[in-house]
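Here the structure comes first, spelled out in structure tokens, and everything after it is commentary.
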2 protein chains.
Amino acid sequence: MPGPDAVGKSGPHHPRRPTMVDVAREAGVALRTVSRVVNGDTTVGEDFAERVRSAVDRLGYQPDERARQLRSGRTGAIGAAVRHIADAHPVLRAIDETARAVGLTVVAMSTEDDEERERDAVMSMCRRRMDGIIIEPIAQDHHYLQPEIDAGLPVVAFDRPAAGLDVDTVLSDNRGGIAQAFAHLTAQGHRRIGYIGDDERIHTGRERATAFRDALSGIGGTLDGMVHPGPVEPARVAAALAALRDRPDPATALVTGNFNTTVAVIRALGADFGGIALVGFDDFGLADLLRPGVTVVAQGDEEIGRTAIELLSARRANRARPTRTVIVSTRLIPRGSGESAP
Amino acid sequence: MPGPDAVGKSGPHHPRRPTMVDVAREAGVALRTVSRVVNGDTTVGEDFAERVRSAVDRLGYQPDERARQLRSGRTGAIGAAVRHIADAHPVLRAIDETARAVGLTVVAMSTEDDEERERDAVMSMCRRRMDGIIIEPIAQDHHYLQPEIDAGLPVVAFDRPAAGLDVDTVLSDNRGGIAQAFAHLTAQGHRRIGYIGDDERIHTGRERATAFRDALSGIGGTLDGMVHPGPVEPARVAAALAALRDRPDPATALVTGNFNTTVAVIRALGADFGGIALVGFDDFGLADLLRPGVTVVAQGDEEIGRTAIELLSARRANRARPTRTVIVSTRLIPRGSGESAP
DNA sequence: ATGAAAGCGCTAACAA
DNA sequence: TTGTTAGCGCTTTCAT
């Protein structure tokens, strides 16, 4: 004898998910009691609680997170807009693990180094009312986020500052890292050291090239033709490399400003790196398996990710506190390519 | 002359985000008109539309996606539960790009090879009422998902079948890939070929080890001591490698069953891979930079990701259709390590 | 300890 | 073309 709503099971089409109302009816209790049990409220009699739990199981009830969030205002999730979600990303791992530990869910989206995609990703996070946003900035101008920040959205930038925005930021010690690389090479006796790195329109590229110039003039070296920032394309990198080698006083050592440049240089150098000493900025997975092993300046990825979450939490607790910028130090890892004499 | 609700701006604390009601009041139109403009409904007079747009800008209004989804029933997002969100993941890239192209947002979560985390991730996606779920299964038993599937949730598994579940699936041609690797080595004259790979409790490990046994017996070789499946730990891999080399008839060639094993083997072999020929399952980023370059069987990551979205879309269109399993073929890429004679 | 009713911000029916 | 009303599924007062 079908009741008035037994027609619901009309076919394989969208057998409407059970709601709290369904559970309440099934258990013979009030809606509010189901809500209490589902949320672990202890002020419910054991017999009532049991009836609810059993009804939940029988119906396969799962609370609708959207409704819950809409009503309660909370979200319990933070967004992370990173450059390439599909590439290895140690900072993202640290963000994910740290957030889990404090009960936050991380929703990651990819910007693919595209300003418009960054905006899309970030705005989509805002429309989902994320409790906070961590961003690896790519856009040249982040004013579009100002209204959200004014409305109380906690934002943290990492790797680069978010141009045009006063937000909490976590950066690598780019200048210190370059200084480490440079000092390591001079300690081996190198004096003619070249640099190939990112475009100076990019924050890290600018920082690292500048630091390298400072280091080079610091030992009285000539800057002329030794510093090559620019787009990271194999042809451009190869040309820069040729310029460093085909001169009366060729460079005997080389610092590369980021992972992609390091790889491009190694491809261009060929076997044994052509006898040139090399220190690369950024560590990477198989650096120890190349011949020679690649000496690198490693960034503190784990600490960067952890710090980003910490800054976000601090701001959630107090939106009025002044913004902070944390600099995370780098570490030189010798593996062979940077330990040969001139 | 402040109105009854002008007290809202009481301080820097949560200056309450504007809602559609606020926009409607600001623009002097009905709520429904704002909704129409925000959603691009064309049946709105240009003067009204303009007033709404201007009010939206003035207030910095952003629609609340949660409310929209709750009311409309749609979500417009699919979840992807992958093994390691922070590692390079070409399939995830393809999933993301393909989904974007059809207007779907992808929310990725990490399972970290942990059964419980897989469940957490997947259930969290269900509670957010994702329009579908793509899963790289790790759990041995996925019955927990059956109620969701019965309730109409489209699910697609990739890389491995979802044990205990009848869902659409995309797999690599593991057996074909191993056959390719084997044939490549026999073509160089190798007859004593060893295999080191994943534990056979894992689907891909089982498939690949089995295929290798078939290939080896196919040329009349002895299986005795030549096939080494097991956990991918450096010590275990090194032991297996030693067993293959320290015998009266040492292996002259080797097939490795996955990326991690390939790397562990290369670490153990040292310079020039100890003169042994090597073909690895799974391509990886710097395979061409090692000496020798590493010959691999590459999986069709891009096609796998694209197919996963296609299967999901097909099921969203028709929940009743029988499940399908698509096998994506592999491709051998010679780079040097697999082209030496015995 | 339990329940009834209001309402989060939005879209979908249905007027006008 | 524009506005009014109801209600998505849940949590939150407020009563009992």
Side-chain angles (χ1 to χ4, degrees), chain A residues 5 8 14 16-53 55-56 59-76 124 126-131 151-152, chain B residues 5 8 14 16-53 55-56 59-76 124 126-131 151-152:
Chain A
D5 48 342
H14 288 250
R16 198 176 71 73
R17 282 176 160 286
T19 74
M20 234 175 219
V21 178
D22 299 322
V23 176
R25 195 179 326 115
E26 174 81 11
V29 301
L31 180 62
R32 184 68 183 87
T33 304
V34 178
S35 174
R36 286 199 174 94
V37 173
V38 166
N39 289 291
D41 190 323
T42 52
T43 72
V44 179
E46 185 46 43
D47 45 340
F48 274 73
E50 185 46 41
R51 275 162 63 193
V52 169
R53 278 192 293 264
V56 163
L59 267 47
Y61 169 75
Q62 290 281 3
D64 187 322
E65 192 61 31
R66 300 167 302 182
R68 189 202 293 255
Q69 289 175 11
L70 179 59
R71 183 58 241 246
S72 70
R74 291 179 285 268
T75 294
S124 143
C126 292
R127 286 192 298 271
R128 286 180 208 171
R129 299 294 187 264
M130 293 289 175
D131 284 344
Chain B
D5 48 341
H14 289 250
R16 197 176 70 74
R17 282 175 160 286
T19 75
M20 232 173 218
V21 177
D22 299 323
V23 177
R25 192 175 333 114
E26 174 82 12
V29 302
L31 178 62
R32 186 70 184 90
T33 303
V34 179
S35 173
R36 285 198 174 96
V37 173
V38 167
N39 289 289
D41 190 323
T42 53
T43 71
V44 179
E46 184 47 42
D47 45 342
F48 275 75
E50 186 44 43
R51 274 162 64 193
V52 169
R53 279 192 292 265
V56 163
L59 268 48
Y61 169 75
Q62 289 282 0
D64 188 322
E65 192 61 32
R66 301 167 302 182
R68 188 201 294 252
Q69 289 175 11
L70 179 60
R71 180 61 239 245
S72 71
R74 291 181 285 268
T75 294
S124 144
C126 291
R127 285 193 297 272
R128 286 182 208 170
R129 300 293 187 265
M130 293 290 175
D131 284 344

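Letters A, B, ... mirror the listed sequences (proteins, then strands); counts begin at 1. No experiment lies behind these values; they were computed from the predicted model shown.
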note = Taking C:dC10, D:dT11, C:dA12 as options, the one with an atom nearest any side-chain atom of B:Ala67 is C:dC10
message = Without decimals, in angstroms, what is the distance between B:Leu59 CG and C:dG9 C1'?
response = 15 Å
No-H, no-angle donor-acceptor pair, A:Arg36 side chain to C:dT2 base, under 3.5 Å = yes
task = Whole angstrom is fine here: how far is it from CG in B:Asp41 over to C1' in C:dA12?
result = 12 Å
request  = Return the 5'-most residue of the pair B:Val29, B:Leu70 with respect to DNA chain D, ranking by each residue's nearest nucleotide.
outcome  = B:Val29
query = Can you find an N or O donor on one side and an acceptor on the other, under 3.5 Å apart, linking the side chain of A:Arg71 with the base of D:dG9?
reply = no
inquiry  = Counting the atoms with a prime plus P, OP1 and OP2 as sugar-phosphate, which does A:Val21 contact under 4.0 Å by heavy atoms, base, sugar-phosphate, or nothing?
reply    = nothing
message = To check you understand the geometry: which heavy-atom pair defines the closest contact between A:Val44 and A:Ala49, and what is its length?
response = CG1-N, 3.9 Å
query = Do B:Asp41 side-chain atoms and B:Thr43 backbone N/O form a donor-acceptor pair below 3.5 Å?
reply = yes
request  = Round to a whole Å and report the spacing from CZ of B:Arg51 to P of D:dG3.
outcome  = 8 Å
key: Protein-nucleotide distance (A:Met20, atom CE; D:dG9, atom C1'), rounded to Å   = 8 Å
ask   = Could you give the CG-to-C1' distance, from B:Leu31 to C:dC10, as a whole number of Å?
value = 8 Å
query = Quick one: on DNA chain D, does B:Gly28 or A:Ser35 contact a more 5' nucleotide (nearest heavy atom)?
reply = B:Gly28
key: Length of the CD-C1' vector between B:Glu65 and C:dC10, whole Å   = 10 Å
query = Ignoring hydrogens and angles, does a donor from either the side chain of A:Arg66 or the base of D:dG9 sit under 3.5 Å from an acceptor on the other?
reply = no
ask   = Counting side-chain heavy atoms from CB outward, which of D:dG9, C:dG3, C:dG9 is closest to A:Arg32?
value = C:dG3
ask   = Separation of B:Arg128 atom CZ from D:dC8 atom P, in whole Å?
value = 23 Å
note = In whole angstroms, the gap separating C1' of C:dG9 from CG of A:Asp64 amounts to 14 Å
message = How close do B:Ala27 and B:Ala55 get, counting heavy atoms only, and between which atoms?
response = CB-CB, 3.8 Å
remark   = Ranking C:dT11, D:dT4, C:dC10 by distance to the side chain of B:Arg74, first place goes to C:dT11
inquiry  = From the set C:dA12, C:dG3, D:dT2, return the single nucleotide nearest to any side-chain atom of B:Thr43.
reply    = D:dT2
ask   = Is A:Asp64 close to A:Thr19 at the side-chain level, that is, under 4.5 Å between some pair of heavy atoms?
value = no
task = Look at the side chain of A:Pro63 and decide which nucleotide, out of D:dT11, C:dA4, D:dC10, has an atom nearest to it.
result = D:dC10
query = Any idea which of C:dA12, C:dT11, C:dC10 is nearest the B:Tyr61 side chain?
reply = C:dC10
key: Donor-acceptor side-chain pairing of A:Arg51 and A:Thr33 below 3.5 angstrom   = no
query = Does D:dG3 have OP1 or OP2 sitting under 4.0 Å from an N or O in the side chain of B:Thr33?
reply = yes
key: Contact summary for A:Arg127 and B:Gln62, nearest pair of heavy atoms   = CG-OE1, 3.6 Å
